[in-house]
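Comments concern the structure below.
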Protein chains: 2
Amino acid sequence: MMELTRKGEYAIRGIVYLAGKPIDKVCLLSDIAAAVNVPPTFLAKIFQQFSKIGLVKSFRGTGGGFMLGRPPESITLLEVVEAVEGPIIPNRCVVSPSDCERSGECTVHPVWRRVQDEVRGVLEGVTLKELLTETQTHTTC
Amino acid sequence: MMELTRKGEYAIRGIVYLAGKPIDKVCLLSDIAAAVNVPPTFLAKIFQQFSKIGLVKSFRGTGGGFMLGRPPESITLLEVVEAVEGPIIPNRCVVSPSDCERSGECTVHPVWRRVQDEVRGVLEGVTLKELLTETQTHTTC
DNA sequence: CCTAAAAAGACATTTTATATCTTTTTAGGG
DNA sequence: CCCTAAAAAGATATAAAATGTCTTTTTAGG
């Protein structure tokens, strides 16, 4: 259980790749997809989600493409993952206890809350910059 | 993401219910299912899985039913969840890095490992006994 | 206006989750 | 030795989510 989906995996690969480029370098989606070995059409959907919340900037038309929306050291893994997978929710009840018909009796509740906090804490503590390898840093597209 | 399935939720409800009964009390599946509001046939499958690994003991035929396999203070939430949901795996790569075609470049790897450790740690720290409410403790079926 | 590229939306396929139903096995009691 | 109660096992059904693909539209540069 608790498995990251392909979408999440692809999302991380794609944006980490971007993070390894000069901040103002515009990369073609097709190039990114090829580099990180992800179906281009699928990656397109992912980057559209990124674009909407400013994680990446997109440019249409000739010479268009994508670049990172903010410096790599300011983007956390948590943001990336939640952008495409939705919030980290170990259990439905964590979201709204009031919706839970058994909330009165549910002693498991605080446990899931702690799981949520721990996971978010770990992912929030990692930035894109920290995920770069030497070979990735400052290479051209 | 990271959401517990119904199966996992039902599993917890069912076994926590059992944990609230006297250790040698045999409970009917149909009674348990009704008490915790879970489809009986579905709960049957879950308890079959529990039974195979000794989390519960089952008895067939007239007067049959289920009882807890071990004292409630010795059964952790981690065991219960992994029994029905499988191991806690935030990312495929965590299982076998050698299978991962990108393991050389994958800097995210250790992060998922930490997530896994944290989640397992939290769930391992909670026993069925701790999940019981006063009302649940030592009631009859 | 022509072309390159992303955005948006519709569609297709596969896998997983969520059950249900039927048949089989096991055990107790008369 | 049957009869009944109950779990085990297996087959099947439906719905939802994951994983893509394809087509059309919008945007921008030359």
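Lettering follows sequence order; numbering is per chain, from 1. What you are looking at is a predicted structure, and each value in this text was computed from that prediction instead of being measured.
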What nucleotide among dT3(C), dA19(C), dA7(C) has an atom nearest to a side-chain atom of Arg6(B)? dA19(C)
Rounding to an integer number of Å, can you tell me how far Leu43(A) CG sits from dA5(C) C1'? 14 Å
Starting at NZ of Lys7(B) and ending at C1' of dT20(C), how long is that distance when rounded to a whole Å? 15 Å
Just the rounded figure in Å: distance from C1' of dA17(D) to CG of Leu4(A). 15 Å
Would a distance-only check, ignoring hydrogens and angles, find a side-chain to backbone donor-acceptor pair under 3.5 Å from Glu3(B) to Met2(A)? no
Looking at dA6(D), dA5(D), dA8(D), which one has an atom nearest to any side-chain atom of Thr62(B)? dA5(D)
Length of the CE-P vector between Met1(A) and dT18(C), whole Å: 11 Å
Out of dT3(C), dA19(C), dA7(D), whichever nucleotide has its closest atom nearest the side chain of Phe66(B): dA7(D)
Name the nucleic acid region contacted by Ser51(B), choosing base, sugar-phosphate or nothing; use a 4.0 angstrom heavy-atom cut-off, strictly under. sugar-phosphate
Taking N or O atoms only and anything under 3.5 Å, show me the protein contacts with nucleotides 8-10 of chain C, one pair per line.
{"from": "dA8(C)", "atom 1": "N7", "to": "Lys45(A)", "atom 2": "NZ", "distance (Å)": "3.4"}
{"from": "dG9(C)", "atom 1": "N7", "to": "Lys45(A)", "atom 2": "NZ", "distance (Å)": "2.8"}
{"from": "dG9(C)", "atom 1": "O6", "to": "Lys45(A)", "atom 2": "NZ", "distance (Å)": "2.7"}

Separation of dA18(D) atom P from Glu3(A) atom CD, nearest Å, is 12 Å
Taking the nucleotide of DNA chain D with the closest heavy atom to each, which residue, Gly8(A) or Gly61(A), is nearer the 5' end? Gly8(A)
Is a side-chain N or O of Arg13(B) found less than 3.5 angstrom from the main chain of Asn37(B), in a donor-acceptor match? yes
Salt-bridged, Glu118(A) to Arg120(B), with N to O below 4.0 Å? no
Counting only side-chain heavy atoms from C-beta out, which of dA7(D), dC21(C), dG20(D) sits nearest to Thr41(B)? dC21(C)
When the C1' atoms of the five terminal pairs at each end define the local axes, what inter-axis angle does the helix from dC1(C)-dG30(D) to dG30(C)-dC1(D) show, to 10 degrees? 0°
Euclidean distance, atom CD1 of residue Ile32(A) to atom C1' of dA6(C) [Å, nearest integer]: 11 Å
Tell me the interatomic distance from Asn37(A), atom CG, to dG20(D), atom P, rounded to whole angstroms. 11 Å
Which residues pass the salt bridge (Lys or Arg N to Asp or Glu O under 4.0 Å) test with Arg6(B), sequence neighbours left out? none
Measure the shortest side-chain to side-chain distance between Thr107(A) and Leu132(B) over non-hydrogen atoms and say whether it is less than 4.5 angstrom. no
Shortest side-chain distance from Phe42(A), nucleotide among dA8(D), dG20(D), dA6(C): dG20(D)
So, Glu85(A) side chain and Leu4(A) main chain: donor-acceptor pair closer than 3.5 Å or not? no
Does any N or O in the side chain of Glu130(B) come within less than 3.5 Å of the main-chain N or O of Thr127(B), such that one atom is a donor and the other an acceptor? yes
Would you mind reporting whether Leu131(A) and Leu77(A) have side-chain heavy atoms less than 4.5 Å apart? yes
Could you tell me whether the phosphate oxygens of dA19(C), OP1 or OP2, come under 4.0 Å of any side-chain nitrogen or oxygen in Tyr10(B)? yes
Less than 4.5 Å apart, any side-chain heavy atom of Phe50(B) and any of Val84(B)? yes
What is the distance, rounded to the nearest whole Å, between atom CZ of Phe50(B) and atom C1' of dA7(D)? 16 Å
Proximity to the side chain of Thr5(A) - top-ranked nucleotide from dA28(D), dA18(D), dA6(C): dA18(D)
By nearest-nucleotide position on DNA chain C, the 5'-leaning member of Phe59(B) and Phe47(A) is Phe47(A)
Do Thr76(B) and Val126(B) have side chains that get closer than 4.5 Å, going by heavy atoms? no
